[in-house]
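Ligands are counted one by one from 1 in listed order, and the atoms in each one are counted from 1 as well. Both backbone and side-chain heavy atoms feed into the values below; hydrogens, waters and symmetry mates do not. Being a predicted model, the structure only gives us computed values, none of them experimental.
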Amino acid sequence: MTGFDAIVIGGGPAGAVTALTLARAGRSVAVVERSEFPRRKVCGEFVSGTNSAPLDRLGVGAAWRENAGPEIDRVGLFIGDRMIETAMPDGHGRGRALGRDVLDTLLLDAARQAGARIFQPWRATRCERRSAAWQVEIRRRKDNDTLCAPILVAAHGSWEPGALPTQEDRRHAASDLIGFKAHFRHDRLPHDLMPLIAFLGGYGGLVRTDGGRLSLSCCIRRDRLDLIRNSEPAGPAVLRHILGHCRGAREALSEAETDGEWLAAGPIRPGIRARYQNDVFRVGNVAGEAHPVIAEGITMAMQAGWLLGRELGAIDGRDPAARAAAGRRYAARWRRMFAPRIRFASALAQLLTREPGARAAGALAARWPSLVSLGANLSGKSKGLPPHRLDAA
Ligand SMILES: Cc1cc2nc3c(=O)[nH]c(=O)nc-3n(C[C@H](O)[C@H](O)[C@H](O)COP(=O)(O)OP(=O)(O)OC[C@H]3O[C@@H](n4cnc5c(N)ncnc54)[C@H](O)[C@@H]3O)c2cc1C
């Protein structure tokens with residue numbers, strides 16, 4: 001059994017940044033990540049420009065700027081036959097998209113360089129509190145090991161089933177949102193435009209990412225997916241459905257070819273969950289998730305990782321009262337920072353997934369510039385939240 005000050009389950013943006021921050025505070029940290037990196041992921045891959053300074057502080061800013069796709073100046077809405085666009089609100093630089101195969105590798109490498117020990121590809125299969133410490137069983141093919149630490153952080157995302165107490169069960173509902181993602185080449189979308197696309201039963205987004213690829217990511221209700229699929233594989237069926245409902249997507253993708261496999265994930269369960277419960281700290285999607293309509297999940301995961309790492313790096317993790325107090329502070333700050341974005345994203349997603357009659361589409365289109373501005377303000381796209389300001393959060 002190997003002992004640490006903290007164990008972080010999951011090496012996505014939330015887990016990597018929590019581990020990096022804790023390691024910089026002088027703590028011994030283990031990160032357990034089940035996938036081998038680089039790996040692709042269902043995600044639009046857009047990161048707001050306000051992250052440029054925080055990414056510098058994490059040590060990956062230069063690599064992000066060097067590798068990411070072009071700066072995004074305009075936000076569009078493709079709904080029915082309408083194609084509207086508005087300027088990205090002024091703020092601290094333009095956002096850009098970088099494949100999760102690249103970004104997540106950069107962040108986890110930065111955690112490793114800061115001193116975190118990365119167990120990869122190992123899956124956490126069980127965790128149990130035994131008096132002074134958590135014991136976490138990990139497995140890689142036929143190998144088993146046990147790690148122990150007084151602090152346990154769940155950063156395993158929210159879309160995968162599993163036996164951990166922080167993993168939700170997977171009862172299916174017609175209203176479940178299933179996520180899809182594909183990269184394309186030879187498309188006709190202007191390089192600085194990021195349109196939101198609305199279609200019957202779902203919504204999605206298009207954005208230019210690294211290497212000239214176009215990223216299409218979307219969510220669709222399970223009952224609509226069942227109706228449109230016939231005997232076709234799900235990804236191409238979703239694309240056909242989008243192209244049938246959305247002129248802007250048709251024009252952008254008329255001559256495009258997929259680059260790599262379609263990916264699927266979910267159900268996606270947006271909402272606010274516990275941030276500290278049963279002595280487990282939760283970060284990233286485990287703690288709460290915005291509808292991807294505002295493309296803020298990576299930003300929130302990184303910011304929350306920094307917030308949690310700073311809290312836990314300042315306490316004696318062996319003291320239960322100190323852990324509980326840190327959990328309360330973290331939960332309260334998390335809510336102040338992220339709850340408004342999650343609520344706004346939920347309201348916008350509801351507008352987009354309503355039956356899109358011509359009048360509803362017209363009303364949404366008319367309000368598009370003010371909605372983008374409001375969303376940018378609530379989400380931090382136009383007012384930065386660099387990590388050095390988190391003390392004041
Ligand atoms: C369609 C769609 C589009 C999106 N577009 C954007 C966008 O453009 N911009 C944006 O900011 N956000 C976007 N998001 C949201 C974003 O992808 C997530 O919010 C973000 O990935 C959350 O990061 P995380 O670190 O919490 O979890 P994850 O990125 O899911 O990382 C969790 C990690 O834990 C690992 N893991 C899971 N279980 C175990 C286990 N038992 N043991 C060990 N490891 C484990 C997984 O392998 C994974 O690497 C989108 C989401 C969807 C569905």
| Flag side-chain contact, heavy atom, 4.5 Å: Phe281 against Arg323 | yes
| Among Gly15, Gly297, Gly305, which one has a heavy atom closest to atom 15 (C) of ligand 1? | Gly297
| message | Using the rule salt bridge (Lys or Arg N to Asp or Glu O under 4.0 Å), only one of Arg100, Lys181, Arg208 pairs with Glu45; which is it? | response | Lys181
| said: At less than 4.0 angstrom from any non-hydrogen atom of Gly284, what atoms of ligand 1 do you find? | reply: 26 (O)
| request: Please answer whether the main-chain N or O of Asp73 pairs with a side-chain N or O of Asp192 as donor and acceptor at a distance below 3.5 Å. | output: no
| said: Within the 4.0 Å heavy-atom shell around Glu296, which atoms of ligand 1 are there? | reply: 10 (C), 11 (O)
| task | Give the single entry among Phe46, Tyr203, Phe37 that approaches atom 8 (O) of ligand 1 most closely by any heavy atom. | result | Phe46
| Of Val17, Asn285, Thr18, Val32, which has the heavy atom at the shortest distance from atom 18 (C) of ligand 1? | Asn285
| Of all the atoms in ligand 1, which lie at a distance below 4.0 Å from a heavy atom belonging to Lys41? | 21 (O), 28 (P), 29 (O), 30 (O)
| request: Using a 4.0 Å heavy-atom cut-off, say whether Trp122 meets ligand 1 through its side chain, its backbone, both or neither. | output: backbone
| remark: Tested for side chain to side chain contact (heavy atoms under 4.5 Å, CB included) against Val153, the lone hit among Val283, Ile9, Val31, Val286 is Val283
| said: Below 3.5 Å, N or O to N or O, backbone or side chain included: is there any such pair between Cys219 and ligand 1? | reply: no
| Counting distance only, does the side-chain N/O of Tyr276 pair as donor-acceptor with the main-chain N or O of Ala326 below 3.5 Å? | no
| request: Check whether any N or O atom of Arg123, backbone or side chain, sits under 3.5 Å from an N or O atom of ligand 1, and answer yes or no. | output: no
| remark: A student checking ligand 1 against Cys218 at a 4.0 Å heavy-atom cut-off should list atoms 1 (C)
| message | If we set the cut-off at 4.0 Å for heavy atoms, which region of Glu160 has an atom near ligand 1: side chain, backbone, both, or neither? | response | side chain
| Is a salt bridge present between Arg65 and Asp56, judged by a nitrogen-to-oxygen distance below 4.0 Å? | yes
| task | State the atoms of ligand 1, each with its element, that fall below the 4.0 Å cut-off from a heavy-atom position in Ser35. | result | 47 (O)
| Against heavy atoms of Gly12, which atoms of ligand 1 measure under 4.0 Å? | 25 (O), 31 (O), 33 (C)
| task | Out of Ala304, Ala301, Gly157, indicate the one that has the non-hydrogen atom closest to atom 23 (O) of ligand 1. | result | Ala301
| request: Do me a favour and list the nearest non-hydrogen protein atom to atom 14 (N) of ligand 1 with residue, atom name and distance? | output: Cys43 SG, 3.8 Å
| Contact check: Ile9 vs ligand 1, nitrogen or oxygen atoms, below 3.5 angstrom | no
| request: Looking only at protein heavy atoms, identify the closest one to atom 44 (N) of ligand 1 and say how far it is in Å. | output: Arg34 N, 3.1 Å
| Should Glu45 be counted as touching ligand 1, given the test is an N or O pair under 3.5 Å? | yes
| message | Regarding ligand 1, does Ser217 bring an N or O atom to under 3.5 Å of one of the ligand's N or O atoms? | response | no
| query | Would Asp210 and Arg213 pass as an ion pair if we require N to O under 4.0 Å? | reply | yes
| remark: Restricting to heavy atoms, the pick from Met300, Arg100, Gln167 nearest atom 20 (C) of ligand 1 would be Arg100
| task | Look only at the side chain of Ser370 and the backbone of Arg367, and say whether a donor-acceptor pair between them is shorter than 3.5 Å. | result | yes
| task | Check each heavy atom of Ser158 against ligand 1 and say whether those closer than 4.0 Å belong to the side chain, the backbone, both or neither. | result | neither
| query | Does some non-hydrogen atom of Gly162 fall short of 4.0 Å from ligand 1? | reply | no
| query | Under 3.5 Å, is there a donor-acceptor pair between the His156 and Thr166 side chains? | reply | yes
| task | Please confirm whether Arg39 comes under 4.0 Å of ligand 1, counting heavy atoms of the residue only. | result | yes
| task | Could you tell me whether some N/O pair between Val283 and ligand 1 is separated by less than 3.5 angstrom? | result | no
| request: Output yes when the distance from some N or O of ligand 1 to some N or O of Gly44 is under 3.5 Å, and no in every other case. | output: yes
| said: Treating Arg129 as the side-chain partner and Pro150 as the backbone partner, does any N or O pair qualify as donor plus acceptor under 3.5 Å? | reply: yes
| said: If the threshold is 4.0 Å, N to carboxylate O, is there a salt bridge linking Arg123 and Glu33? | reply: no
| Do side-chain atoms of Asn230 reach the backbone of Glu232 as a donor and acceptor pair under 3.5 angstrom? | no
| task | Using the six-membered ring wherever Trp is involved, compare the ring planes of Phe338 and Trp334 and label them parallel, tilted or perpendicular (cut-offs 30° and 60°). | result | perpendicular
| Protein heavy-atom partner closest to atom 39 (C) of ligand 1 - residue, atom, separation in Å | His156 CB, 3.9 Å
| query | Ion pair present between Arg139 and Glu137, side-chain N to carboxylate O less than 4.0 angstrom? | reply | no
| request: Identify, for atom 47 (O) of ligand 1, the protein heavy atom at the shortest distance, and state residue, atom and that distance. | output: Glu33 OE2, 2.7 Å
| query | Under 3.5 Å, is there a donor-acceptor pair between the side chain of Arg247 and the main chain of Asp81? | reply | yes
| task | Taking atom CZ of Arg250 as the centre, report whether more than 12 heavy atoms of other residues, nucleotides or ligands fall under 6.0 Å from it. | result | yes
| query | Heavy atom under 4.0 Å from ligand 1: found in Ile268's side chain, backbone, both, or neither? | reply | side chain
| said: Can you tell whether the side chains of Asp101 and Arg40 come within less than 4.0 Å, N to carboxylate O? | reply: no
| What protein heavy atom sits nearest atom 11 (O) of ligand 1, and how far off is it? | Ile298 N, 2.7 Å
| query | Going by distance only, is there an N or O of Ala14 that falls short of 3.5 Å from an N or O of ligand 1? | reply | yes
| Is a salt bridge present between Glu71 and Arg96, judged by a nitrogen-to-oxygen distance below 4.0 Å? | no
| Is there any N or O on Ala124 that sits under 3.5 Å from an N or O of ligand 1? | yes
| said: For Pro292, which part has a heavy atom under 4.0 Å from ligand 1: side chain, backbone, both, or neither? | reply: side chain
